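Model, not experiment: these values are computed from the prediction. Residue numbering restarts at 1 for every chain, and letters A, B, ... go by the order of the sequence lines.
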Amino acid sequence: MLTTENKTQLITLLQIELLTWFEGSKRDLPFRRTKNPYAIWISEIMAQQTQIDTLIPYYTHFIELFPDVAALALATEDQVIKAWEGLGYYSRARNLHKAAKIIMSDYDGCMPDTFSGLIKLPGIGPYTGGAIASIAFNEKVSAVDGNVLRVICRYCNSFMDIGEAKTKKIVTQWVEAILPEAAGNFNEGLMELGAVICTPQSPKCLVCPVRLGCQSFACGTTGELPVKKKKQKQVRKEMEVGILKHQGELFFVRRPSSGLLAGMWSFPIVETTTDTGVDIKRKLEEYFPELSDPVFIGESRHVFSHIIWEMKLYQFELPSGVFESPESYTFGKDKETLPIRTQFKSLDAIDDLALPVAFSKLLILL
DNA sequence: GAGACGTGGCC
DNA sequence: TGGCCAAGTCT
């Protein structure tokens with residue numbers, strides 16, 4: 001990193017210009033109008049792997065529903081996941097809830113106010129701990145996310161692979177070493193710069209406040225940086241979805257408490273090789289022996305970060321009569337049990353069910 | 001270290 | 001369309 005003789009000058013330029021630019025140009029975001037550690041915590045968790053524009057409505061709603069740690073701890077996990085519905089990476093919501101309970105029980109209701117205290121909480125890793133500690137508590141620690149990695153690697157014209165842990169370690173140490181007193185603003189400024197100027201594609205170097213010190217700009221390598229090795233393609237899976245209708249209601253099942261879409265509501269769904277509806281019929285027959293034959297009603301694709309579901313929907317009917325909703329339902333290899341596993345619900349009464357997009361987008365096909 | 005873990009936007 | 005990307009953490 002930065003081996004030139006005018007290293008000190010370049011670092012000073014970065015510090016001064018970045019802080020000045022951030023002060024004058026930062027976006028007006030709801031969580032920038034507060035120093036409330038709780039609010040900043042929520043915003044930082046939501047910001048993980050998520051663009052700011054996406055999270056804003058969720059943030060506002062979440063703070064209204066759960067205005068402080070106590071309110072969050074008092075809520076049910078179902079309520080918290082429901083508030084996260086559509087945001088993705090749902091373990092973030094479950095960890096948030098767990099952490100709130102821990103803060104109430106082990107910390108007398110007060111959030112830890114140091115980096116080392118914060119990262120002990122579930123869902124708070126080195127980035128989030130650094131962000132909360134520096135922004136809300138003025139601790140002089142770094143917060144290195146994808147933006148910071150990109151900005152620093154470009155500024156130093158470094159060709160290290162930002163996907164490697166080693167790179168993150170080096171960049172973290174580098175930032176720690178040049179951190180000014182206003183560490184929170186510096187961290188946020190680095191991220192803001194990465195988000196609006198030093199973007200992955202087509203960085204806006206001509207309006208960049210630190211271009212005069214940027215070694216990548218000077219060398220004309222901004223198109224090659226940062227170096228990041230490609231990730232693997234998603235695995236395609238053929239899935240059969242069972243739409244079980246009975247007296248105007250649909251059959252929903254709750255997913256296991258760990259793994260993909262953990263704890264969320266779902267239609268019965270199985271991976272298939274036959275592609276005819278027989279696999280999902282066999283699954284449903286475990287719980288409803290008197291089942292009609294499958295009727296194909298449509299198909300849909302859903303792309304996750306690591307899987308692609310090619311879904312075929314099959315509708316089933318139950319003979320007239322009363323059918324109890326089964327107490328248990330298993331997806332195959334799930335271990336932990338959650339309170340309510342299955343439910344018959346009419347479409348206009350599913351507001352309290354946390355339904356992932358993979359399934360909510362199927363509703364228009366019904 | 002590598003893989004699991006969502007979703008929406010962009011080209 | 002398909003691939004890539006976005007304020008990461010946990011296992």
Is there a donor-acceptor contact under 3.5 Å linking the side chains of [X] and [Y]?
{"X": "A/Tyr329", "Y": "A/Glu286", "answer": "no"}
{"X": "A/Gln48", "Y": "A/Thr128", "answer": "yes"}
{"X": "A/Thr221", "Y": "A/Ser216", "answer": "yes"}
{"X": "A/Asp279", "Y": "A/Thr274", "answer": "yes"}

Value in whole Å for how far the [atom2] atom of [N] lies from [atom1] of [X]:
{"X": "A/Leu149", "N": "C/dG8", "atom1": "CG", "atom2": "C1'", "value": "11 Å"}
{"X": "A/Trp309", "N": "B/dC5", "atom1": "CH2", "atom2": "P", "value": "10 Å"}
{"X": "A/Lys98", "N": "C/dT9", "atom1": "NZ", "atom2": "P", "value": "15 Å"}
{"X": "A/Leu87", "N": "C/dG8", "atom1": "CG", "atom2": "P", "value": "13 Å"}
{"X": "A/Asn95", "N": "C/dT11", "atom1": "CG", "atom2": "C1'", "value": "12 Å"}
{"X": "A/Met46", "N": "B/dG8", "atom1": "CE", "atom2": "P", "value": "15 Å"}
{"X": "A/Arg94", "N": "C/dT9", "atom1": "CZ", "atom2": "C1'", "value": "12 Å"}
{"X": "A/Ile162", "N": "B/dA2", "atom1": "CD1", "atom2": "P", "value": "15 Å"}

Item to check | Working for ring-ring contact (aromatic ring centres under 6.0 Å, His included), residues A/Trp84 and A/Tyr58 | outcome: CA-CA 7 Å; A/Trp84 214 266; A/Tyr58 284 89; 7.6 Å; no
Please tell me if [X] has a side-chain N or O lying less than 4.0 Å from either OP1 or OP2 of [N].
{"X": "A/His306", "N": "B/dC5", "answer": "yes"}
{"X": "A/Lys228", "N": "C/dA6", "answer": "yes"}
{"X": "A/Tyr89", "N": "C/dC10", "answer": "no"}
{"X": "A/His302", "N": "B/dG6", "answer": "no"}
{"X": "A/Arg92", "N": "C/dC10", "answer": "no"}

Is there any protein nitrogen or oxygen under 3.5 Å from a nitrogen or oxygen in nucleotides 2-4 of chain C, and what are the pairs?
unit_1, atom_1, unit_2, atom_2, d
C/dG2, OP2, A/Arg301, NH1, 3.2

Checklist entry - For A/Pro122, which residues count as a side-chain contact (heavy atoms from CB on, under 4.5 Å) partner, sequence neighbours excluded? => result A/Asn95, A/Lys98, A/Ala99, A/Ile102
Checklist entry - side-chain contact (heavy atoms from CB on, under 4.5 Å) with A/Asp113: which residues, sequence neighbours excluded? => result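 In terms of side-chain contact (heavy atoms from CB on, under 4.5 Å), with neighbours along the sequence ignored, A/Asp113 is linked to A/Phe137.
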Expected list for residues 348-359 of chain A: side-chain donor-acceptor pairs under 3.5 angstrom, two or more places apart:
unit_1, atom_1, unit_2, atom_2, d
A/Asp348, OD1, A/Ser346, OG, 2.6
A/Asp352, OD1, A/Lys345, NZ, 3.4

Item to check | Pairs meeting criterion side-chain hydrogen bond (donor to acceptor under 3.5 Å, both in side chains) with involvement of residues 187-199 of chain A, two or more places apart | outcome: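 Those involving residues 187-199 of chain A are A/Arg27-A/Glu192, A/Arg32-A/Glu188, A/Arg32-A/Glu192, A/Ser134-A/Asn187.
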Checklist entry - Which pairs with one or both residues in residues 236-245 of chain A pass side-chain hydrogen bond (donor to acceptor under 3.5 Å, both in side chains), sequence neighbours excluded? => result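 Checked against side-chain hydrogen bond (donor to acceptor under 3.5 Å, both in side chains) - neighbours excluded - the pairs reaching residues 236-245 of chain A are A/Arg236-A/Glu238, A/Arg236-A/Glu310, A/Glu240-A/Thr272.
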Between [M] and [N], how far apart are the [atom1] atoms? Round to whole Å, please.
{"N": "C/dC4", "M": "B/dG3", "atom1": "P", "result": "15 Å"}
{"N": "C/dT9", "M": "B/dG8", "atom1": "P", "result": "22 Å"}
{"N": "B/dG6", "M": "C/dT1", "atom1": "P", "result": "24 Å"}

Checklist entry - In chain order, what residues pass the ring-ring contact (aromatic ring centres under 6.0 Å, His included) check against A/Phe22, with sequence neighbours excluded? => result none
Checklist entry - From the list B/dT7, C/dA6, B/dG1, which nucleotide is the closest neighbour of the side chain of A/Leu261? => result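 Shortest atom-to-atom distance from the side chain points to B/dT7.
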Next on the checklist: If you only use heavy atoms from C-beta on, which nucleotide in B/dC5, B/dG8, C/dA6 is closest to the side chain of A/Val357?
Outcome noted: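 Looking only at side-chain atoms, A/Val357 lies closest to B/dG8.
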Next on the checklist: Just to be sure I understand the geometry, which residues of residues 123-138 of chain A put a non-hydrogen atom under 4.0 Å away from DNA chain C?
Outcome noted: A/Gly123, A/Ile124, A/Gly125, A/Pro126, A/Tyr127, A/Thr128
Item to check | Members besides A/Leu225 in its Ile/Leu/Val/Met/Phe/Trp/Tyr cluster (side-chain heavy atoms under 4.5 Å) | outcome: A/Phe159, A/Val227
Next on the checklist: Over all strands shown, is A/Arg150 touching base, sugar-phosphate only, or nothing at heavy-atom distances under 4.0 angstrom?
Outcome noted: sugar-phosphate
Next on the checklist: What's A/Ala165 touching, base or sugar-phosphate or nothing? Going by heavy atoms closer than 4.0 Å.
Outcome noted: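 Sugar-phosphate: the residue A/Ala165, judged by heavy atoms under 4.0 Å, touches backbone atoms but no base.
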Next on the checklist: Under 4.0 Å, heavy atom to any atom of DNA chain B: which of residues 27-40 of chain A qualify?
Outcome noted: none
Next on the checklist: Below 4.0 angstrom, which residues in residues 49-65 of chain A have at least one non-hydrogen atom near DNA chain B?
Outcome noted: A/Gln49, A/Thr50
Checklist entry - Which heavy atom in A/Arg341 sits nearest to a heavy atom in A/Thr330, and how many Å separate them? => result NH2-CA, 4.5 Å
Checklist entry - How about A/His61 and A/Tyr59: are their ring centroids closer than 6.0 Å? => result no
Checklist outcome for this item: When A/Gly259 and A/Lys166 are each assigned the nearest nucleotide of DNA chain B, the 5'-most assignment goes to A/Lys166
Item to check | Pairs involving residues 239-272 of chain A, ordered by first then second residue, that meet ring pair (Phe, Tyr, Trp, His ring centres under 6.0 Å) (sequence neighbours left out) | outcome: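 Every ring pair (Phe, Tyr, Trp, His ring centres under 6.0 Å) pair that includes a residue of residues 239-272 of chain A, provided the two are not neighbours, is A/His246-A/Phe323, A/Phe251-A/Phe288, A/Phe251-A/Phe344, A/Phe252-A/Phe267.
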